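Being a predicted model, the structure only gives us computed values, none of them experimental. Reminder, nothing fancy here: chain letters follow the sequence lines and each chain counts from 1.
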Amino acid sequence: MIDIALIRNNKEFVKENIKRKFQDHKLPLVDKAYELDIEARKYITKASDLRGKKNALSKQIGALYAAKKVEEANEIKKQIALIDQELLDLEVEEENTKKALKEIMMKIPNIIDETVPIGKDDSQNVEIKKYGEPALKPFEVPYHVEIMEKLHGIDLDSARKVAGNGFYYLMGDIARLHSAIISYARDFMIDRGFTYVVPPFMIRSDVVTGVMSFEEMDAMMYKIENEDLYLIGTSEHSMIGKFIDTILDEKDLPYVYTSYSPCFRKEKGAHGIEERGVYRIHQFEKQEMIVVCKPEDSKMWFEKLYQNTVDLFRSLDIPVRTLECCSGDLADLKSKSIDVEAWSPRQQKYFEVGSCSNLTDAQARRLGIRVNGEKGKYFAHTLNNTVVAPPRMLIAFLENNLNEDGSVNIPMVLQPYMGNKTKIK
RNA sequence: GGAACAGUACUCAAGUGGUGAAGAGGUAUCCCUGCUAAGGAUAUAGGUUGGGUAACUGGCGCGUGGGUUCGAGUCCCACCUGUUCCGCCA
């Protein structure tokens, strides 16, 4: 959500931004918002005036009753009834106009960072940098489920029977590896100064509707029956929810969190769960980073955040690359976003394992996350990034650390979390 | 899950339908005193959203949302949160 003042003062700039995102169909929204804003203020002014008059008259009634002048009081009541008549329609108009304006403002995309490459869709995303050698294995790398099965580490048949497609039993060393990676990632982030948080795994509907649109909610969120609760799709939901409608003290900034949670997703829509295995699933666990900071610091934090993910994967001997989202592929709330992709020796290509986003003040404006600072109040900047999300991450881990005999190397940093084993076999 | 009570400023707290939501502590600034203690004065109801070049000014705002009323912190309903008791429980 951008600042309405931007539309009041510089419509063309907002339109230019929309064009750069190839959303020309949204161009008329800017003029519409401009007009609705004027209209809304007209109604507000009028209705406020009337309410003021009404308040003044009401006060007289009290005095008149005290003086036992009932006749005169009734006369004023009649005047108030007339004002009420007028207010009735006006308030409906005011309400509708404000609502229409807000709906449009939600659709107008955030101003993209000037460094974002211009492109229509994900095919025009730009590789920023490769880290590590995307090496091929001198033998054929099996599908990740096969690697796991060979190590007696997964039971998808039972999971389908018990919970359905999109769930899994991880077992033995693979399950332990899963936990080890989460624990390692947690400590990795704590060592870099992040505050560790375990948030609620369910949130109320008002928080849900704050952090996402109705369409997104319908496609992602599981609802608890007969409760006003939803299972979180990512800990970002409860972590950002923590800040909704709050005024933060400038001296407490930045908030630099790393949160752990299981994540639940319906995955309804475009792709669904069509792929076998643990690539796209209804339930996974994730270590996340969240930063709430001053506007002037958000770019610096953005660089730091994705670098953390890169460093973590490199410490586990997994080659990665960073891929920048082009303007057309960037979600409307984001100002800039970089995906971290891990190398798959089997597919011989990179695949997404994390996503780092700077939402500038758009999310904060939408959720009412403000800062009380020396120079007055302003909206905070918010960022988020994946540290690591297994079991998807296990795909990259297993493929890259696989030996020809089917055993899997455990990188040094992970060994303390795996009972000092150097290998799974 | 059940019952009782509560929610007003940074904290405590008065306020059972009528002008401008008391008071105390705390905090800030100032005064007094050689210093300290004590004392005195002033400011502290946030916030938000309109109008106005501005000085200024209107609306909303007493946990949240509705309702009753000319008028609600105050009455009614629902919800949220907290405390205590009971029940259940890793």
- Query: Taking for each residue the nucleotide of RNA chain B bearing the nearest heavy atom, is the 5' side occupied by A/Gln60 or by A/Arg370?
  - Reply: A/Gln60
- Query: With a non-hydrogen cut-off below 4.0 angstrom, is A/Lys78 in contact with a base, only sugar-phosphate, or nothing?
  - Reply: nothing
- Pick the C1' atom in B/U11 and in B/G7, then give their distance to the nearest Å. 15 Å
- Identified pairing partner of B/U42, criterion: Watson-Crick or G-U wobble below 3.5 Å: B/A28
- Query: Does a side chain donor of either A/Glu236 or A/Gln363 reach within less than 3.5 Å of an acceptor in the other side chain?
  - Reply: yes
- Task: May I ask you to verify if any side-chain N or O of A/Lys59 is less than 4.0 angstrom from the OP1 or OP2 atom of B/G71?
- Result: no
- Query: Tell me: NZ of A/Lys54 to P of B/C60, nearest whole Å?
  - Reply: 9 Å
- Task: Name all residues meeting the salt bridge (charged side-chain N to carboxylate O under 4.0 Å, His left out) criterion together with A/Asp249; count only those two or more places apart in sequence or in a different chain, and write none if there are none.
- Result: A/Lys251
- Item | Separation of B/G65 P from A/Glu95 CD (nearest whole Å) | 12 Å
- Message: Would you measure the distance from the C1' atom in B/U42 across to the matching atom in B/G47 and give it in whole Å?
- Response: 24 Å
- Message: Check A/Lys421 with A/Asp173, please: is the shortest side-chain N to carboxylate O separation under 4.0 Å?
- Response: yes
- Message: Is it true that, when you exclude A/Glu296 itself, more than 12 heavy atoms of the residues, nucleotides or ligands shown sit nearer than 6.0 Å to its CD?
- Response: yes
- Contact class for A/Asn55 vs. all strands (heavy atom < 4.0 Å): base, sugar-phosphate, or nothing? sugar-phosphate
- Task: Please state the P separation for the pair B/G18 and B/G71 - nearest whole angstrom.
- Result: 14 Å
